[in-house]
Amino acid sequence: MLRTHTCGELRKPAVGQTVTVCGWVDTRRDYGGLLFIDLRDRYGKTQIVFDASEGANALALASTLRSEDVISVTGRVVARSDKDVNPKLSTGEIDVRAADLTILNKSKPVPFEPGTTNIPNEEMRLEYRFLDLRRPRLQELVQFRHKFTKLVRDYFDEHGFLDVETPMLGRSSPEGARDYLVPSRVHPGSFYALPQSPQIYKQILMVAGYDRYMQIARCFRDEDLRADRQPEFTQIDVEMAFVRREDIIRTIDGLVQVMMRQLKGKEIQLPLPQLTHREAMEKYGSDKPDLRFGMEIQDLAGEVANCGFGVFKNVLGSGGRVRGVCAAGAAPKYSRKDIDGLTEFVKEYKAQGLAFFRVTDTGLDSPIAKFFNPDEQQAIKAKFQANAGDLIFIVADKPKVTSAALGALRSRLGRELQLFNPEDVHVAWVLDFPLFNWNEEENRWDAEHHPFCDPVPEDVHFFETDPGQIRAQSYDMVVNGYEAASGSVRIHDPVVQQKVFDLLGISAEQAEERFSFLLQALRYGAPPHAGIALGLDRWVMLLTGCDNIRDVIAFPKTQRAMDLLSGAPSEVDAKQLRDLHIKIDEAAK
RNA sequence: GGCCUCGUAGCUCAGUUGGUUAGAGCGUCGGCCUGUCACGCCGAAGGUCACGGGUUCAAGUCCCGCCGAGGUCGCCA
């Protein structure tokens with residue numbers, strides 16, 4: 001070892017010892033005849049003192065030190081006098097008086113210093129990720145992530161789960177997200193796909209008798225990025241055999257309880273709250289509602305059915321809905337111009353417009369208030385249990401549009417009006433998603449989750465009559481408005497599986513071609529099984545209060561899926577392409 | 001692919017209704033300093049105002065395009 005101690009561990013009891021510490025020069029304070037260095041490593045900072053009496057050569061060399069030089073210092077640990085103690089440092093009661101200094105690696109002047117309070121833009125941070133990762137905040141996040149994954153592995157180990165690795169080079173399937181493809185050298189024209197998730201493999205593990213499986217699995221999806229989406233991300237992947245939905249929920253409830261206890265110091269009550277997909281869409285306009293605050297959506301069909309406002313009546317007459325939210329006390333906080341901004345905001349979600357009322361003692365105040373008689377105004381007020389000073393927003397549109405627009409508006413208002421404590425972590429289940437979604441563009445049914453998701457048994461008769469009514473035995477976990485986990489009971493009955501494929505328009509031949517290895521396995525003694533996957537990056541983000549997952553990934557990619565540190569993706573040699581039998585369409589560049 | 005925000009010194013930013021030689025803090029370089037801890041003081045260097053075009057007597061500022069970073073809609077079984 002080049003060191004006897006780290007920069008975070010020396011305390012008063014070490015006084016008198018001669019130690020060697022290594023690390024990065026964090027700050028220096030040079031007095032000519034006396035020089036201080038704060039030496040930093042991931043354990044903390046220790047102040048090194050150089051003066052002529054202890055080591056004249058070391059002092060001379062120390063005066064050449066600059067930020068981020070890597071050095072080794074040998075010296076005596078001494079106690080600081082009372083007036084010199086630095087209460088901001090855990091090591092602030094001692095100094096190391098340097099007798100010897102070795103510069104292990106001189107640093108070029110850094111584009112930014114890890115200790116800076118002016119955090120550079122992300123482009124700079126990603127290009128110099130090795131400097132960014134020295135920042136205390138990122139060091140904290142990296143260490144938190146380690147604790148998190150260790151806790152997860154321990155939890156599942158204690159519950160009898162086996163950690164099994166599944167292939168990264170797998171078979172492409174056209175469903176779902178775009179695949180990242182890997183060309184085969186040995187099979188010209190053929191490609192592997194990187195896994196979007198280990199879904200099929202973990203089901204096969206159930207068939208193979210490994211009835212409790214978990215894996216911290218890297219997944220790849222070639223879709224556009226978001227604050228909470230990276231092209232490669234990590235799932236806590238879980239599957240269990242001989243279980244019902246409730247067993248998965250209980251298992252994950254337990255995990256969340258342990259996580260909150262050990263990582264946040266919070267005791268939470270189990271079972272975690274559960275709501276149905278229908279309730280979530282009705283009350284919050286979203287299948288992943290932020291439940292840290294109320295402001296539930298209300299349906300105003302009854303209140304405005306006979307009003308004089310043509311827009312509302314027309315919408316109701318043509319199968320649409322009139323729904324709204326009430327922001328308590330918000331009327332004085334939103335000017336007409338602010339509300340115009342909100343109107344533009346809901347238009348992004350396809351809403352035609354945004355009606356609003358300022359609630360007064362006597363009724364409602366708004367450019368459109370005149371279309372509502374006093375009784376109707378009172379009825380609207382009563383529906384929201386509104387008080388003077390509240391601000392009511394109403395969207396009249398196609399049912400899906402009212403949900404999307406009001407759901408987004410509710411989230412925005414909740415944030416702007418600070419209706420929740422940003423420290424809160426609210427975890428809940430959303431159950432009974434529809435099994436299928438009608439795809440309007442392509443005029444066909446899509447699987448909401450995936451084609452192996454088991455329907456609720458009493459809904460199976462809807463296959464012939466009204467597939468949109470079929471509920472899935474699914475469960476999503478929502479945390480603060482994010483989808484933090486998603487799973488389902490899987491189909492283990494070939495007859496049901498065939499019905500699903502039929503409805504999705506996947507012929508027996510196609511199914512056989514794409515999923516033969518799973519379907520094959522299901523014919524050789526498949527136990528009832530169910531599983532779930534938790535988004536590890538998102539969980540770490542939420543538990544640490546970050547607002548994007550790049551900060552909890554050591555080497556993330558930009559919105560255009562570039563790694564600015566390495567320069568990936570990059571062009572490759574002509575020889576590599578030849579080996580892979582690939583020709584580039586130069587026109588496409 | 002659409003919409004929105006941003007891009008000025010190595011970094012973080014300021015820069016007025018378009019108007020003289022584009023500024024500050026930190027960092028860098030030189031000097032002084034024996035108890036600081038974001039040390040202090042004196043001095044200096046450092047700019048393709050992302051890039052390209054346009055309007056104008058005059059553009060960091062206005063317009064168009066484009067590149068990059070971020071947010072978001074679509075997309076993400």
Side-chain angles (χ1 to χ4, degrees), chain A residues 26-39 45-54 59 63 66-68 78 80-89 91-92 95 97 108-128 131 173-179 196-197 199-200 219-231 233 341 344-351 404-405 408 411-412 433 435-437 439 441 445-453 472 474 483 486 488 500 504 506 514-515 535 547-548 550 557-560 562 564:
Chain A
D26 195 64
T27 52
R28 74 200 140 86
R29 293 171 290 279
D30 185 352
Y31 288 81
L34 175 72
L35 191 150
F36 300 97
I37 293 287
D38 286 345
L39 193 64
K45 291 185 205 172
T46 294
Q47 177 165 277
I48 315 295
V49 182
F50 295 88
D51 72 22
S53 69
E54 202 83 19
L59 174 65
S63 66
R66 293 295 180 270
S67 290
E68 302 308 304
V78 299
R80 297 194 195 182
S81 69
D82 286 348
K83 73 173 176 56
D84 289 333
V85 166
N86 183 352
K88 284 190 272 182
L89 277 187
T91 59
D95 287 327
R97 295 190 76 89
K108 289 174 66 178
V110 286
F112 63 92
E113 293 185 50
T116 184
T117 48
N118 296 328
I119 297 166
N121 68 40
E122 275 203 70
E123 207 172 343
M124 177 70 46
R125 289 175 49 199
L126 292 174
E127 187 181 342
Y128 293 93
L131 296 180
S173 84
E175 285 74 27
R178 220 172 275 119
D179 282 324
Q196 296 178 25
S197 80
Q199 182 64 37
I200 290 176
C219 305
F220 303 84
R221 294 180 188 174
D222 186 5
E223 298 292 347
D224 287 349
L225 285 76
R226 289 286 186 281
D228 64 341
R229 273 164 37 186
Q230 282 272 305
F233 61 100
E344 288 307 307
F345 177 72
V346 296
K347 283 181 180 169
E348 292 171 32
Y349 298 86
K350 305 283 181 288
S411 294
R412 175 166 168 174
F433 275 60
L435 192 62
F436 302 109
N437 251 330
N439 183 327
E441 285 94 64
W445 292 103
D446 282 342
E448 166 81 28
H449 191 48
H450 57 60
F452 316 111
C453 184
S474 71
E483 178 191 320
S486 181
S488 64
V500 171
L504 292 174
I506 300 174
R514 291 175 200 170
F515 311 116
D547 58 6
N548 71 71
R550 292 183 301 280
K557 293 183 175 56
T558 68
Q559 199 166 58
R560 293 182 64 251
M562 288 278 295
L564 295 182

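Residue numbers start from 1 in every chain, and the chains themselves are labelled A, B, ... in the order their sequence lines are given, proteins ahead of strands.
At the phosphate of B:G74, neither OP1 nor OP2 sits under 4.0 Å from any side-chain N or O atom of A:K350.
Of all nucleotides present, only B:C67 satisfies the Watson-Crick or G-U wobble test against B:G7, with each distance under 3.5 Å. Checking B:A50 for Watson-Crick or G-U wobble geometry (two distances, each under 3.5 Å) identifies no partner in any strand. With a 3.5 Å ceiling on both atom-pair distances, the Watson-Crick or G-U wobble partner of B:C29 is B:G43. In a base pair of the Watson-Crick type (N1 to N3 plus N6-O4 or O6-N4) or a G-U wobble (N1-O2 and O6-N3), with each distance short of 3.5 Å, B:G19 is matched with B:C57. Base pairing analysis places B:U36 opposite nothing; no Watson-Crick or G-U wobble pair with both distances below 3.5 Å involves it.
When distances run from any side-chain atom of A:R221 to the nucleotides B:U12, B:C39, B:C76, the shortest one goes to B:C76. Nearest nucleotide to the side chain of A:N548, out of B:G71, B:C37, B:C75: B:G71. Residue A:E123 places its side chain closer to B:G68 than to any other of B:G68, B:C39, B:C75. For A:R29, taking side-chain heavy atoms from C-beta onward, the closest of the listed nucleotides B:U28, B:G35, B:C37 is B:C37. Ranking B:U36, B:C11, B:C37 by closeness to the A:F36 side chain, first place goes to B:U36. Closest to the side chain of A:V49, out of B:G35, B:C76, B:G70, is B:G35. Of the candidates B:G10, B:C37, B:C76, B:C76 carries the atom nearest the A:E223 side chain, counting heavy atoms from C-beta on. Among the nucleotides B:G70, B:G35, B:U12, the one closest to the side chain of A:P120 is B:U12.
Separating the CZ atom of A:R229 from the P atom of B:U72 is a distance of 9 Å, rounded to the nearest angstrom. A:E113 places its CD atom 12 Å from the P atom of B:C26, with the value rounded to the nearest Å. The interatomic distance linking A:L35 (CG) with B:U34 (C1') rounds to 11 Å, in whole Å. Atom C1' of nucleotide B:G68 and atom NZ of A:K557 are separated by 18 Å, given to the nearest angstrom. With rounding to whole Å, A:N439 atom CG is found 14 Å from B:C76 atom C1'. A:D26 places its CG atom 17 Å from the P atom of B:C26, with the value rounded to the nearest Å. One can place CG of A:L59 at 12 Å from P of B:C33, the figure rounded to the nearest angstrom.
In this structure, A:N118 and A:R550 both approach RNA chain B, and ranking their closest nucleotides by distance from the 5' end singles out A:N118. Along RNA chain B, the nucleotide closest to A:S67 and the one closest to A:E122 are compared, and the more 5′ of them pairs with A:S67.
Here A:P451 lies in heavy-atom contact (under 4.0 Å) with a base. As judged by a 4.0 angstrom heavy-atom cut-off over every strand, A:D30 is placed among the base-contacting residues. A:D51 comes within contact range of no nucleotide atom at all, as no heavy-atom separation falls under 4.0 Å. If you check every strand for non-hydrogen atoms under 4.0 Å, A:E448 touches sugar and phosphate atoms only. Nucleic acid contact class of A:R226 (heavy atoms, under 4.0 Å, all strands): base. Residue A:D224 is in base contact, counting any heavy-atom pair closer than 4.0 Å across all strands shown. Across all strands, A:R28 comes closer than 4.0 Å only to sugar-phosphate atoms, never to a base (heavy-atom distances). Looking at heavy-atom distances under 4.0 Å, A:Y349 makes contact with sugar-phosphate atoms alone, never a base. As judged by a 4.0 angstrom heavy-atom cut-off over every strand, A:R560 is placed among residues touching the sugar-phosphate backbone only. Using a 4.0 Å heavy-atom distance criterion, A:E348 is classed as a sugar-phosphate-only contact. Within the nucleic acid shown, A:I119 comes within 4.0 Å of sugar-phosphate atoms alone, with no base atom in reach, counting heavy atoms only.
For A:R97 against B:G35, a side-chain N or O and a base N or O form a donor-acceptor pair under 3.5 Å. Side-chain N/O atoms of A:D95 and base N/O atoms of B:G35 include a donor-acceptor pair closer than 3.5 Å.
At a threshold of 4.0 Å, the pair A:R550-A:E122 counts as salt-bridged, since one of the basic side-chain nitrogens sits closer than that to a carboxylate oxygen. Classification of A:D224 and A:R229 as a salt-bridged pair fails, no side-chain N sitting under 4.0 Å from a carboxylate O.
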